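Everything on this sheet refers to the single structure shown next.
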Amino acid sequence: MVRKYAVRNPCCFPPGPGEISAVLGKLEALNHAGGEPRASVGTIVWIEDLLSGEQGFFQLAWPDDAAPEQDRLSILSPLGAALLGARCGDDVTVALFGCRCDFRVLALREARPPEDSAVPS
């Protein structure tokens, strides 16, 4: 269910000004956040569907880098936007077409760059 949700609904509708503003606000808050790690672009987020108990993970990505079938979820998708800024243990809710889906963040991990990447680790 977790994976199917993201692959089937990567970004159902183009986000409107309100959704984009909310994501930009979360990104700005992440720049000033201290303390506990929070999900941001590049973070691998392990989640659990609170209804089914199914677990899965996604790496949050910029829209141009998103590939839900490869577990890279756009921060402008409904689930990606909900996960942005979340901490381990947080519950997030996503509503689409009148259906409410509740997820719990189980773990956060910073992704390592690929070995052939020019980015130093």
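Only a predicted model underlies this, so the values are computations on that prediction, with no experimental measurement involved.
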### Task
Specify the closest pair of heavy atoms between Leu60 and Ser40, including all atoms of both residues, with the distance to one decimal.
CB-O, 3.5 Å
### Query
So which heavy atom on Ala61 is nearest to which on Arg72, and how close?
CB-CB, 4.3 Å
### Task
Could you list the residues that satisfy side-chain contact (heavy atoms from CB on, under 4.5 Å) with Leu51, not counting sequence neighbours?
Asp49
### Message
Regarding Thr43 and Glu110, do their side chains bring together a donor and an acceptor under 3.5 Å, going by distance alone?
### Response
yes
I'd like to check [X] versus [Y] (side-chain heavy atoms, cut-off strictly below 4.5 Å). Are they in contact?
X: Val92; Y: Asp102; result: no
X: Leu83; Y: Ile47; result: yes
X: Ile44; Y: Leu108; result: no
X: Asp91; Y: Leu50; result: yes
X: Ile75; Y: Trp62; result: yes
X: Leu73; Y: Gln59; result: no

### Message
Using 0.5 Å steps for rounding, measure from the CD atom of Glu48 to the CZ atom of Arg104.
### Response
7.0 Å
### Query
Is there a side chain to side chain contact (heavy atoms under 4.5 Å, CB included) between Phe58 and Leu79 once you walk through the steps?
CA-CA 10 Å; Phe58 298 100; Leu79 181 55; 4.1 Å; yes
### Task
Could you go through the side chain to side chain contact (heavy atoms under 4.5 Å, CB included) check for Phe57 and Asp71 one step at a time?
CA-CA 7 Å; Phe57 66 90; Asp71 302 321; 3.9 Å; yes
